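This is a predicted model, so every value here is computed, not measured.
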Amino acid sequence: MTLPTVSQSPRDPAFVQDPYPAYDRMRALGPLVWWEEYGRAMAVSHALVGQLLRDRRFGREDPAPVPPPARLVPFYAVERNSMLEREPPAHTRLRSLVLRAFTSRRIAGLAPEIAALSHTLIDRFERPEIDLLPAFAERLPVIVIARLLGVPDEMADQLLAWSHAMVAMYQARRDRAVEDAAVAATEAFGAYLSDLIAERQKAPRDDLLSHLIAAEAEGERLSRDELIATVILLLNAGHEATVHALGNGVKALLEARATLVLREAPEKVAEEILRFDPPLHLFMRFAYEDVEIAGHPIRRGEQVGLLLAAAGRDPEAYADPHSFQPEREGPTHHALGAGIHFCVGAPLARLEVATALPILFDRHPDLHLASPPRYADRYHFHGLERLDVHLV
């Protein structure tokens with residue numbers, strides 16, 4: 001079976017601003033299409049994306065890895081120890097150790113601190129017109145995850161810079177300059193964390209880093225390299241996605257005139273934000289054996305793309321999928337993944353969105369857009385480059 005082919009540059013300005021018409025065109029061709037620019041099959045339906053997220057014949061770890069160029073070794077050395085890039089049994093061990101420290105009880109206990117920080121950031125708004133991204137959406141999640149881990153608040157700007165440089169490696173705009181910046185950020189980030197880990201080993205505190213160091217399962221603990229990779233993953237993933245969820249969420253709420261629902265059902269609003277305009281649009285998986293998917297053969301070692309955002313707008317799963325409806329009924333979205341790689345930080349991301357946005361609109365009920373928001377050229381991610389608003 002020959003898959004229907006779609007040609008669509010992920011950097012085309014129209015696609016960057018609104019990729020959903022392209023996803024509709026893909027989905028109209030079937031649940032699995034060939035995206036020419038990526039040279040890979042892409043799952044576009046809600047049902048197939050969900051199936052592949054849970055299918056253990058697919059995973060994140062390359063079954064036939066090729067050594068990276070020498071100049072990229074520092075970056076991939078960290079990635080190799082990340083639980084996001086591992087499969088069982090290594091993934092099972094790493095995730096088990098992390099979850100012993102990153103507990104749901106610990107996350108739920110952050111609600112008062114998230115609320116207090118939201119008020120503090122809003123108190124610092126200096127003008128009636130601001131860019132809400134650097135003033136609020138970026139600051140909140142990076143400070144929250146830094147405090148959780150035990151990293152000083154004053155490191156927030158540096159953490160943002162390192163994170164932006166590293167996650168650019170997964171974006172369509174990747175080039176030599178991006179690669180060099182990512183390696184430099186990886187080395188600096190790793191050196192900083194190595195020193196911080198040494199401090200916590202000598203003098204533990206009641207923070208997530210100390211608990212990660214102490215976490216033990218069946219006599220095993222995280223090695224220093226695994227600790228560094230885990231903290232980098234938690235910091236990068238723990239704020240990058242939430243930044244975009246907050247920004248995209250404010251945009252969606254204002255354009256849909258749905259801010260009043262925040263007071264009544266903030267958790268439902270958070271879920272609809274993630275379905276409607278998720279921060280991550282594309283997630284790759286390797287095939288671990290020859291399989292047939294949607295009538296198409298996939299060979300061992302081939303990558304298949306899972307279009308999470310296309311799944312969230314599938315009319316077979318959601319009525320009127322292109323409308324923002326916080327009170328809608330429907331299946332669980334896939335914006336945070338599913339299966340063994342379901343986002344470990346999902347409870348924190350949901351809590352931040354459901355806590356911070358009601359406070360923002362309570363404090364500034366007349367908040368409105370000052371100019372049309374524009375998305376940044378960061379695919380596979382989908383987030384705004386600016387969010388200019390009037391507060392009154």
May I have the step-by-step check of salt bridge (charged side-chain N to carboxylate O under 4.0 Å, His left out) for Asp225 and Arg80, ending in yes or no? CA-CA 10 Å; Asp225 287 344; Arg80 186 174 61 249; over 6 Å; no
With salt bridge (charged side-chain N to carboxylate O under 4.0 Å, His left out) as the test, would you mind laying out the steps for Arg200 and Asp207 before giving the verdict? CA-CA 9 Å; Arg200 292 296 187 275; Asp207 57 37; 2.8 Å; yes
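Residue pairs meeting the side-chain hydrogen bond (donor to acceptor under 3.5 Å, both in side chains) criterion with at least one member in residues 124-133, sequence neighbours excluded, do not occur. Every pair tested for ring pair (Phe, Tyr, Trp, His ring centres under 6.0 Å) that includes a residue from residues 131-159 fails, sequence neighbours excluded, so the list is empty.
Two residues are said to be in side-chain contact when any heavy atoms from C-beta on lie closer than 4.5 Å; Ser104 and Pro347 fail this criterion. Taking 4.5 Å as the limit, some side-chain heavy atom of Ser194 sits within range of a side-chain heavy atom of Arg224. Under the 4.5 Å side-chain criterion, counting only non-hydrogen atoms from C-beta, Phe361 is in contact with Leu254. Within the 4.5 Å cutoff, the side chain of Leu148 has heavy atoms near those of the Arg106 side chain. Looking at heavy atoms from C-beta onward, Asn236 lies out of side-chain contact with Trp162 at the 4.5 angstrom threshold. The shortest side-chain heavy-atom distance between Gln303 and Asp62 does not fall under the 4.5 Å cut-off. Looking only at side-chain heavy atoms (C-beta outward), Arg221 and Glu226 stay at 4.5 Å or farther from each other.
Taking CG of Leu212 as the reference point, atom CG of Leu234 lies at 6.5 Å (rounded to 0.5 Å). Expressed to the nearest 0.5 Å, how far CG of Leu209 lies from CG of Asp206 amounts to 12.0 Å. Atom CG of residue Leu227 and atom CG of residue Leu222 lie 5.0 Å apart, to the nearest 0.5 angstrom.
Of the possible polar contacts, none joining the Asp18 side chain to the Ala14 backbone as a donor-acceptor pair under 3.5 Å is found. Between the side chain of His380 and the backbone N or O of Arg378 there is no donor-acceptor pair closer than 3.5 Å. Checked by atom type and distance alone, the side chain of Thr103 never pairs as donor or acceptor with a backbone atom of Arg100 at under 3.5 Å. Remark: side-chain polar atoms of Asp314 are not paired, donor with acceptor, to backbone N or O of Ser45 under 3.5 angstrom. Side-chain atoms of Ser210 do not come within 3.5 Å of backbone N or O of Pro204 as any donor-acceptor pair. When atom types are taken as modelled, the side chain of Glu37 and the backbone of Gln8 share a donor-acceptor pair closer than 3.5 angstrom. A donor-acceptor pair under 3.5 Å is absent between the side-chain atoms of Thr92 and the main chain of Pro88, judged by distance alone.
The number of heavy atoms from other shown groups lying within 6.0 Å of CZ (Arg56) is above 12. The local environment of CD in Glu255 is crowded, with over 12 non-hydrogen atoms from other residues, nucleotides or ligands closer than 6.0 Å. More than 12 heavy atoms of other shown residues, nucleotides or ligands fall within 6.0 angstrom of atom CD in Glu264.
Remark: Arg147 engages Glu113, Asp153 in a salt bridge (Lys or Arg N to Asp or Glu O under 4.0 Å) (not counting sequence neighbours). The ring-ring contact (aromatic ring centres under 6.0 Å, His included) check on Phe276 picks up Phe324, with sequence neighbours excluded. Remark: Arg350 engages Glu271 in a salt bridge (Lys or Arg N to Asp or Glu O under 4.0 Å) (not counting sequence neighbours). Remark: Tyr318 pairs with His46 by the ring-ring contact (aromatic ring centres under 6.0 Å, His included) rule, at least two apart or across chains.
Side-chain heavy-atom separations under 4.5 angstrom define the hydrophobic clusters, and the remaining members of the one that includes Met42 are Val6, Phe15, Tyr20, Tyr23, Met26, Leu29, Val33, Trp35, Tyr38, Val44, Leu282, Met284, Leu307, Tyr379. Here Tyr288 sits in one hydrophobic cluster together with Phe286; the rule is ILVMFWY side chains under 4.5 Å apart, joined directly or through other members.
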Could you list the donor-acceptor pairs under 3.5 angstrom formed by side chains in residues 338-345, with sequence neighbours left out?
unit_1	atom_1	unit_2	atom_2	d
His341	NE2	Arg86	O	3.4
His341	NE2	Glu87	OE2	2.7

Under 3.5 Å, sequence neighbours excluded: what are the donor-acceptor pairs made by side chains of residues 173-190?
unit_1	atom_1	unit_2	atom_2	d
Arg173	NE	Gln171	OE1	2.7
Arg173	NH2	Gln171	OE1	3.4
Arg174	NE	Glu179	OE2	2.9
Arg174	NH1	Tyr76	OH	3.3
Arg174	NH1	Met169	O	3.4
Arg174	NH2	Tyr76	OH	3.3
Arg174	NH2	Glu179	OE2	3.1
Asp175	OD1	Ala177	N	3.2
Asp175	OD1	Val178	N	2.9
Arg176	NE	Asp180	OD1	3.0
Arg176	NE	Asp180	OD2	3.3
Glu179	OE1	Arg71	NH1	2.6
Glu179	OE1	Arg71	NH2	2.9
Thr186	OG1	Ala182	O	2.7

Donor-acceptor pairs under 3.5 Å, side chain of residues 383-392 to any protein atom, not counting sequence neighbours: which ones?
unit_1	atom_1	unit_2	atom_2	d
Arg386	NE	Asp388	OD1	3.4
Arg386	NE	Asp388	OD2	3.0
Arg386	NH2	Asp388	OD1	2.7

Under 3.5 Å, which donor-acceptor pairs link side chains of residues 241-249 to any protein atom two or more places apart or in another chain?
unit_1	atom_1	unit_2	atom_2	d
Thr242	OG1	Glu352	OE1	3.3
Asn248	ND2	His244	O	3.4
Asn248	ND2	Asp277	O	3.2
Asn248	ND2	His382	O	3.0

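No side-chain N or O of His333 forms a donor-acceptor pair with one of Glu272 less than 3.5 Å apart.
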